[in-house]
Engineer: 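Here it is: the structure, laid out below.
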Amino acid sequence: MPYIKKINSFAELLSKNSRRLVALYNGFYWDMDTKSIVDDGFCLGSPPVLTREERRMIQREAKKAVKKTRKKEAEHWILLKSALEEDIPVSEEGASVPEQDRSKAEEKKRVRDERIKGILDEIGPNSILRFFRWVIREISEEMSTDPELRSKYLTSEEAFLRDRKISLSDVFQFLMTMEGDSMNQEVYDYFKMSPDHPSTPAMIERRNLVKPEGVEYFMKRLTDVCQTICDCLPKDTDSNKLLSKFHGILSCDGSSINVFHNPDNKDTYVPGQDGKKGFNQYHLNAIRDFITGLYVRCILQGVNRINETGAAVEMIRKLNLTGPTLFTGDRGYGSLNLIETIRRKENLDCLIRVKEDWINETRNLPLSEVDTEITIHVVTTQRKCDKERFKNGTAKYMSGESKFGKYKKSKTWDYESEVDVTFRVVRFQLDGGAWETLVTTLSKEEYSIDDLKTLYFARWQNIENAFRVLKWDNHLAQMHSKKDSFSQQEIFARIAMHNLVSCVICIANSLEPVIREINRRKGTAINFKEEKEAKHPTIINRRFATHLICDFLRNPDAINFDVIEMMLRHKTPVRKGRSFKRDMRSIGFISFLYR
């Protein structure tokens, strides 16, 4: 049986003839003929027998080669980090930007994206994953050394100042890579390559030093890096003329997350009925990009404090949009205040599904195919003349800011009075006979009713399936603590892991033609099945990709293969037109006894 081992490099084979090579770690080989370290070949044939002195010499040379390669990688990482942090001016909400300044910003972004793509092409796939580990360490180091960040996100002024077995980056990576096992098993899996790995109480003690807001801040920083990388890569939607019109297609929705039973938490506790035991839940409001697969913004609320439209408005105001973007939402997001927020946000349009009787103007529309434009005049005062307008239907009252600066619980409007809110209403019949009503700010001349159907269907593929992936592929449904602060830590950490996997998948899809061509030139047995030969289109198996990346984050030196190439070899077919009955069973908190 021939001894064959692939290297961890994109370098092409310089020669295909049989050479006496000894496979080392990290993708390096020892050439017995030239007495040197190589990383551009395969070990063909049986491995030669080495003396003790030869083995020691090989180990010394291999360590030198690894150190040299790591130094080169570090230089690439610094260049990539500086390019990612390069400031691209983004217009504020409602602000008008001169055409000259806008063209300069677009040109600056184009040059920045080309720099990032060039750096990504130079470094290998495992180097990309090591870059993300380096980014995690950089963010952790900044949080542990900056006095302002320490006081804001850590519970103690002396936390993570001294070198210990468990650093702040270890805490973040541990939270990201946790699966569905017990805490003892999770700690062992993370530190299993160390003979004296820390104990479970030691890890819990280190987690106590980090506030949930600290993990949320880490998640946002890592998401910004992932989003900047994904923006400069070719998109899967480039072949679709309709979807390629948008720089991003955002879907907003919420999902409940079960946590440990705690009747003392009034925000999350729901009392049981008919003598049944109550339960605790958090409600995750999230905006996810259909094109990149990233959760760009999220807000966590107690199940008793749910305000989905208010959370959506808050998240939209924090978005940094660099191109035309579409916001999609279901019937829970039919709000004039939300629509006005989107209208005032530059580069943002909306497509929201509403009920037939959402407001009087939609209730009075006929139950047939409709495509019309409606203008609502919003008033926040209740003067005598205003009440006359309310009666004859020329104005609509919404509760705005208090005249005396007091807090109003019933506030439903964030802007000034006397505002015209104009939007397009589309009504059509589905194949099953039901009628759907959509509200949008997209123009009738550019987007037909069929186009709106296609765009709204992308929402279901985006956010509804994404929550299932987040809960089961990223094990968000399996919490590891009774404490509310620890539960919040795990929620934000799993979102960070989801975004990291999405970014790596985007990179893998962009590098697939390069890897395919390199393997073709090498003439190796590691080939990919062409899309045209497959019966169905294929995508990367996300669950398997998550497992691979978790293993790499735990111990990269134990991985002796290309993670991205392994992801591309394990694709799953997408059978279009399939539908299954939705399982509406409620799944409670998974007890610690069954881990």
Engineer: Look at the side chain of Ser417 and the backbone N and O of Thr380, then say whether any donor-acceptor pair between them is shorter than 3.5 Å.
Structural biologist: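 Yes; at least one donor-acceptor contact below 3.5 Å.
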Engineer: Does the side chain of Thr441 come under 3.5 Å of the side chain of Asp349 through a donor N or O and an acceptor N or O?
Structural biologist: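 Yes, side-chain donor-acceptor contact under 3.5 Å.
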Engineer: Would you mind listing every side chain to side chain donor-acceptor pair (under 3.5 Å) that reaches into residues 490-500, with sequence neighbours excluded?
Structural biologist: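 Sorted pair list: Thr223-Asn499, His480-Glu490, Glu490-Arg494, His498-Arg542.
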Engineer: Take Leu351 and Thr328 through the test side-chain contact (heavy atoms from CB on, under 4.5 Å) and record every step on the way to the result.
Structural biologist: CA-CA 5 Å; Leu351 179 62; Thr328 61; 4.2 Å; yes
Engineer: Are any side-chain N or O atoms of Arg427 and backbone N or O atoms of Leu365, one a donor and one an acceptor, separated by less than 3.5 Å?
Structural biologist: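 Such a contact is found between Arg427 side chain and Leu365 backbone.
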Engineer: For a side-chain contact (heavy atoms from CB on, under 4.5 Å) with Trp358, tell me which candidate from Ile352, Val439, Thr437 qualifies.
Structural biologist: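 When Ile352, Val439, Thr437 are each tested with Trp358, the side-chain contact (heavy atoms from CB on, under 4.5 Å) holds only for Val439.
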Engineer: Whether the side chain of Trp413 engages the backbone of Glu416 through a donor-acceptor N/O pair (distance < 3.5 Å, no angle test) should be reported.
Structural biologist: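 Yes; at least one donor-acceptor contact below 3.5 Å.
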Engineer: Determine whether Leu442 and Leu455 satisfy the following criterion, side-chain contact (heavy atoms from CB on, under 4.5 Å), listing intermediate values before the conclusion.
Structural biologist: CA-CA 11 Å; Leu442 298 173; Leu455 291 172; 4.0 Å; yes
Engineer: Mind checking whether Thr341 and Leu348 have side chains closer than 4.5 Å, heavy atoms only?
Structural biologist: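 They are not in side-chain contact.
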Engineer: Are the side chains of Lys396 and Glu361 in contact, using a 4.5 Å heavy-atom criterion?
Structural biologist: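 They are not in side-chain contact.
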Engineer: Heavy atoms, side chains only, cut-off 4.5 Å: are Leu338 and Phe327 in contact?
Structural biologist: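 The answer is yes, as the side chains (C-beta and beyond) meet within the 4.5 Å cut-off.
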Engineer: Side-chain contact test, heavy atoms from C-beta onward, threshold under 4.5 Å: evaluate it for Ile299 versus Met315 and give yes or no.
Structural biologist: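 In short, these two side chains touch, coming nearer than 4.5 Å.
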Engineer: Nearest 0.5 Å, what's the OG-OH distance between Ser251 and Tyr333?
Structural biologist: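 Between atom OG of Ser251 and atom OH of Tyr333 there are 10.5 Å.
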Engineer: Are side-chain N/O atoms of Arg363 and Asn360 paired as donor and acceptor at under 3.5 Å?
Structural biologist: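 There is such a pair (donor and acceptor under 3.5 Å, judged by atom type) between the side chains of Arg363 and Asn360.
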Engineer: Does Thr362 use its side chain to pair, donor to acceptor, with the backbone of Asp357 at less than 3.5 Å?
Structural biologist: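 No: the side chain of Thr362 does not pair with the backbone of Asp357.
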Engineer: Identify the heavy atoms of Arg331 and Val354 that sit nearest to each other, and give their distance.
Structural biologist: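 Closest heavy-atom pair between Arg331 and Val354: CG-C, 3.9 Å.
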Engineer: Between the side chains of Ser448 and Asp451, does any donor sit under 3.5 Å from an acceptor?
Structural biologist: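 Short answer, yes.
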Engineer: Where do Thr309 and Ser335 come nearest, in terms of heavy atoms and distance?
Structural biologist: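 In terms of heavy atoms, the two residues are closest at CG2-CB, 4.1 Å.
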Engineer: Tell me whether Asn474 contacts the main-chain N or O of Leu476 through its side chain, where contact means a donor paired with an acceptor under 3.5 Å.
Structural biologist: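 Judged by distance alone, no pair lies under 3.5 Å.
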Engineer: Is there a side-chain contact between Leu438 and Thr440 in this structure, where contact means two heavy atoms from C-beta onward sitting under 4.5 Å apart?
Structural biologist: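 Not touching, per the 4.5 Å side-chain cut-off.
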Engineer: Flag the pair Asp414 and Arg317 as a salt bridge only when some basic side-chain nitrogen lies within less than 4.0 angstrom of an acidic carboxylate oxygen.
Structural biologist: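 Looking at Asp414 and Arg317, the cut-off is met.
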Engineer: Pairs under 3.5 angstrom only: tabulate donor-acceptor contacts from the side chains of residues 368-375 to other protein residues two or more places apart or in another chain.
Structural biologist:
| residue | atom | partner | partner atom | Å |
| --- | --- | --- | --- | --- |
| Asp371 | OD1 | Arg424 | NE | 2.9 |
| Asp371 | OD2 | Arg424 | NH2 | 2.9 |
| Thr375 | OG1 | Thr422 | OG1 | 3.1 |

Engineer: Run the salt-bridge test on Asp224 and Arg221 with the 4.0 Å N-O cut-off and return the result as yes or no.
Structural biologist: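 Here Asp224 does not pair with Arg221 in a salt bridge, since their nearest N and O are not under 4.0 Å apart.
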Engineer: On the ring face of Tyr415, is Arg344 found with NZ or CZ under 6.0 Å from the centre and within 45° of the axis?
Structural biologist: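 Flagged: Arg344 positioned over aromatic ring of Tyr415.
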Engineer: Please determine which of Asp253, Leu250, Ile249 meets the side-chain contact (heavy atoms from CB on, under 4.5 Å) test together with Arg459.
Structural biologist: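 Passing option: Asp253.
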Engineer: Sequence neighbours left out, what passes side-chain contact (heavy atoms from CB on, under 4.5 Å) with His377? Give chain and number order.
Structural biologist: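 Once residues adjacent in sequence are excluded, the partners of His377 under the side-chain contact (heavy atoms from CB on, under 4.5 Å) criterion are Val379, Arg389, Ala395, Glu418, Asp420.
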Engineer: If you measure from CD1 on Ile316 to SG on Cys252, what distance do you get to the nearest 0.5 Å?
Structural biologist: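 Taking CD1 in Ile316 and SG in Cys252, the distance rounds to 6.5 Å.
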Engineer: Any side-chain donor paired with an acceptor under 3.5 Å for Thr325 and Lys345?
Structural biologist: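 No - no donor-acceptor pair under 3.5 Å links their side chains.
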Engineer: Describe, in one word, how the ring planes of Tyr447 and Phe246 are oriented to each other, choosing from parallel (under 30°), tilted (30 to 60°) and perpendicular (over 60°).
Structural biologist: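 Parallel, since the angle between the ring planes stays under 30°.
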Engineer: Could you give the distance from CD (Glu340) to CE (Met398), rounded to the nearest 0.5 Å?
Structural biologist: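 One gets 10.0 Å once the value is rounded to the nearest 0.5 Å.
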Engineer: Ignoring hydrogens, what is the shortest heavy-atom contact between Tyr456 and Gly329? Give both atom names and the distance.
Structural biologist: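 Heavy atoms of Tyr456 and Gly329 come nearest at CE1-O, 3.4 Å.
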Engineer: Take Val504 and Met567, measure what side-chain contact (heavy atoms from CB on, under 4.5 Å) needs, and give me the verdict at the end.
Structural biologist: CA-CA 10 Å; Val504 174; Met567 290 164 51; 3.9 Å; yes
Engineer: Within the structure provided, determine whether Met176 and Leu222 are in side-chain contact (heavy-atom separation under 4.5 Å).
Structural biologist: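 Side chain of Met176 against side chain of Leu222, heavy atoms only: contact under 4.5 Å found.
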Engineer: Without hydrogens or angle criteria, can the side chains of Gln301 and Asn307 be said to hold a donor-acceptor pair below 3.5 Å?
Structural biologist: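 Asn307 and Gln301 do not have a side-chain donor-acceptor pair below 3.5 Å.
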Engineer: Given side-chain contact (heavy atoms from CB on, under 4.5 Å), test Gln173 with Arg133 step by step and report yes or no.
Structural biologist: CA-CA 9 Å; Gln173 290 180 158; Arg133 278 177 56 90; 3.7 Å; yes
Engineer: Shortest non-hydrogen contact from Ala458 to Phe290?
Structural biologist: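 Taking every non-hydrogen atom into account, O-CD1, 3.7 Å.
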Engineer: Would you say that Cys226 contacts Phe132 through its side chain, given a criterion of any heavy-atom pair below 4.5 Å between the two side chains?
Structural biologist: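 Side chain of Cys226 against side chain of Phe132, heavy atoms only: contact under 4.5 Å found.
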Engineer: Does Ile564 offer a backbone N or O that forms a donor-acceptor pair with the side chain of Asp562 under 3.5 Å?
Structural biologist: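 No; judged by distance alone, with no hydrogens or angles, the pair does not exist.
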Engineer: Can you find a heavy atom in the side chain of Arg343 that is under 4.5 Å from one in the side chain of Phe423?
Structural biologist: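 They are not in contact (no side-chain heavy atoms under 4.5 Å apart), so the answer is no.
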Engineer: For the NZ atom on Lys355, are there more than 12 heavy atoms of other groups (residues, nucleotides or ligands in this structure) within a distance under 6.0 Å?
Structural biologist: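 No, because the 6.0 Å sphere around NZ of Lys355 holds 12 heavy atoms or fewer from other groups.
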Engineer: Would you compute the distance between atom CG of Leu294 and atom SG of Cys506 and round it to the nearest 0.5 angstrom?
Structural biologist: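 Atom-to-atom, Leu294:CG and Cys506:SG are 6.5 Å apart.
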Engineer: So, taking the atom named CD in Gln227 and the one named CG in Asn320, what distance separates them when rounded to the nearest 0.5 Å?
Structural biologist: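 Between Gln227 CD and Asn320 CG, I get 8.0 Å after rounding to 0.5 Å.
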Engineer: Would you compute the distance between atom SG of Cys298 and atom NZ of Lys220 and round it to the nearest 0.5 angstrom?
Structural biologist: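 Between Cys298 SG and Lys220 NZ, I get 7.5 Å after rounding to 0.5 Å.
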Engineer: Does a sphere of radius 6.0 Å around NE2 in His547 hold more than 12 heavy atoms from other residues, nucleotides or ligands, not counting ones at 6.0 Å or beyond?
Structural biologist: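 Not more than 12 within 6.0 Å, no.
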Engineer: Ignoring hydrogens, what is the shortest heavy-atom contact between Leu175 and Ala493? Give both atom names and the distance.
Structural biologist: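 Shortest heavy-atom contact: CB-CB, 3.5 Å.
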Engineer: Shortest non-hydrogen contact from Ala545 to Ile540?
Structural biologist: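 That closest heavy-atom pairing would be CB-CG2, 4.1 Å.
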